[in-house]
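Written below as structure tokens is the structure these notes are about.
Every chain is numbered from 1, with letters handed out A, B, ... down the list of sequences. Since this is a predicted model, take the numbers as computed values, not measurements.
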There are 2 protein chains.
Amino acid sequence: MDTLTALNKFREHVAIFVPLNDAEWRALVPYLEVSTLKKKKNFAEPHKICNHIALVVKGSVRFFHVKDGEEITGYFSFENEFATSYKSFLTREPGINYIQTLEDTQLVTLSYNAMQQIYDDQLIGKKMERFGRLIAEHYLICYEDRVASFITQTPEERYNKLLETGGEVLQRIPQHYVANFLGITPVSLSRIRRRIMKISA
Amino acid sequence: MDTLTALNKFREHVAIFVPLNDAEWRALVPYLEVSTLKKKKNFAEPHKICNHIALVVKGSVRFFHVKDGEEITGYFSFENEFATSYKSFLTREPGINYIQTLEDTQLVTLSYNAMQQIYDDQLIGKKMERFGRLIAEHYLICYEDRVASFITQTPEERYNKLLETGGEVLQRIPQHYVANFLGITPVSLSRIRRRIMKISA
DNA sequence: CCAAATTCTTATCTTTTGTTAACGTTCTGA
DNA sequence: TCAGAACGTTAACAAAAGATAAGAATTTGG
């Protein structure tokens with residue numbers, strides 16, 4: 001995808017939260033960067049400050065922790081979703097997880113410094129504050145649901161819910177990543193699937 | 001606590017995120033409400049839209065779901081912490097959980113409508129957009145950590161971490177609420193505690 | 001194209017958790 | 001003040017999950 005198309009995808013996606021007129025868009029563009037990462041390249045790493053927030057315009061990324069040498073996958077971002085190691089990005093402290101591309105992936109990114117400049121911009125500052133707020137609120141809601149699912153549901157219930165609602169993850173992601181995402185081991189997910197098979201059969 | 005003291009506590013707490021000068025504060029005050037709830041009163045309920053965000057200036061509240069007639073506690077807010085059923089508040093859809101006072105509690109609240117008016121206010125709109133953003137970002141980070149703990153840690157590890165870091169919850173909250181908070185049953189937490197006792201003894 | 005790596009399932013065994021119930025203690029509200 | 005409710009622990013059993021390993025199928029990368 002060429003740079004212009006990528007930028008336009010970004011504009012479209014931002015418009016879901018705050019529509020920008022042409023003048024505002026022109027003010028924003030200089031802050032944006034378009035980058036392409038090959039498969040299995042890191043966008044964020046532990047012990048490093050995550051300096052960018054990215055919109056995935058093509059491809060996908062995976063969030064994971066490494067514990068005792070094992071990768072534990074926590075999240076995914078597909079096309080038209082944002083990705084950043086939020087805590088590290090916001091606090092300017094080293095992060096604790098990887099964000100890695102699952103395939104060749106194109107990103108439109110904003111650096112932390114660019115973000116702060118934008119917030120203080122005369123023309124678009126207020127609108128972008130709102131944008132930042134709405135993005136944070138959006139992901140806050142996602143996490144609220146997710147924490148609720150960990151507290152109120154069994155792994156099997158979480159998987160069933162994922163079957164009902166979530167398409168993309170189940171289609172495009174290896175099952176052992178999904179297991180981590182649900183908070184269980186791959187072996188355990190395999191057993192849950194068999195259990196469900198037997199019941200519905 | 002009298003109304004003026006409560007409002008000043010609110011101002012102080014907001015100042016952590018965005019300091020307000022006197023003119024700005026005077027513009028904000030008319031939107032604020034101070035209310036007192038007796039112990040075990042609901043601030044939010046399932047099937048009802050949560051219309052307010054609250055700062056707890058005195059007392060404490062507990063978030064919980066009800067599943068199969070059982071209460072499952074997910075969170076607490078103590079003094080100088082905000083409380084709202086975020087998803088319901090933001091999406092204007094009925095919530096799925098209770099928020100209930102644990103003791104006689106005093107709150108400074110903002111209604112959803114007030115919030116929207118404030119965001120569009122000429123004088124303080126931009127600053128309050130930032131405030132809303134920073135609050136959402138703050139709680140987003142809390143949730144990011146919490147989800148990571150569910151994915152990467154065992155219940156025992158989560159409890160040990162809580163012992164290290166969290167004071168207030170452990171001091172002021174019945175143990176079976178803490179168990180829910182950790183994603184396990186009260187019986188299981190009791191066993192974990194015994195296990196830890198034996199090791200450290 | 002083929003060897004190596006990855007993925008998923010299955011089995012076995014161990015550990016942990018859930019469930020239910022009992023018991024003593026503490027708290028609470030009428 | 002006093003009876004009932006709530007709380008924490010423990011026990012016994014069932015269910016589920018973790019750990020490890022083996023094996024088949026698939027994918028991948030050189």
May I ask you to evaluate whether [X] reaches the phosphate of [N], defined as a side-chain N or O under 4.0 Å from OP1 or OP2?
X       : N       : value
H176(B) : dG8(D)  : yes
T185(B) : dG18(C) : yes
S188(B) : dG18(C) : yes
Q175(B) : dT9(D)  : yes
R194(B) : dT9(D)  : no

In this structure, how many angstroms lie between the [atom2] atom of [N] and the [atom1] atom of [X], rounded?
X       : N       : atom1 : atom2 : result
I151(A) : dT17(C) : CD1   : C1'   : 16 Å
K40(B)  : dG29(C) : NZ    : C1'   : 11 Å
I196(B) : dT9(D)  : CD1   : P     : 12 Å
K67(A)  : dA19(D) : NZ    : P     : 9 Å
R193(A) : dT7(C)  : CZ    : C1'   : 12 Å
L102(B) : dA6(D)  : CG    : C1'   : 14 Å
E157(A) : dA17(D) : CD    : P     : 11 Å
N180(B) : dG18(C) : CG    : P     : 10 Å

Polar contact flag, side-chain donor to acceptor under 3.5 angstrom, [X]-[Y]:
X       : Y       : value
T73(A)  : R62(A)  : yes
T5(A)   : N8(A)   : no
S190(B) : Q175(B) : no
S85(A)  : N97(A)  : yes
Y159(A) : R193(A) : yes

Problem set entry | Nearest listed nucleotide, side chain of I184(B), among dA19(D), dG18(C), dT7(C) | dG18(C)
Exercise. From the list dT7(C), dT20(C), dT9(C), which nucleotide is the closest neighbour of the side chain of Y177(A)?
Worked result: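 Within the option list, the nearest is dT7(C).
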Exercise. When we call it a touch if two heavy atoms are under 4.0 Å apart, what does S190(B) touch: a base, just sugar-phosphate, or nothing?
Worked result: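 The answer is base, as S190(B) lies within the cut-off (heavy atoms under 4.0 Å) of a base atom.
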Seminar exercise, completed: Result for 5'-nearest mapping on DNA chain C, choosing between P155(B) and R191(A), is R191(A)
Problem set entry | Upstream residue (5' side of DNA chain C) when L189(B) and K39(B) are each assigned their closest nucleotide |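 It is L189(B) whose nearest nucleotide is closer to the 5' end.
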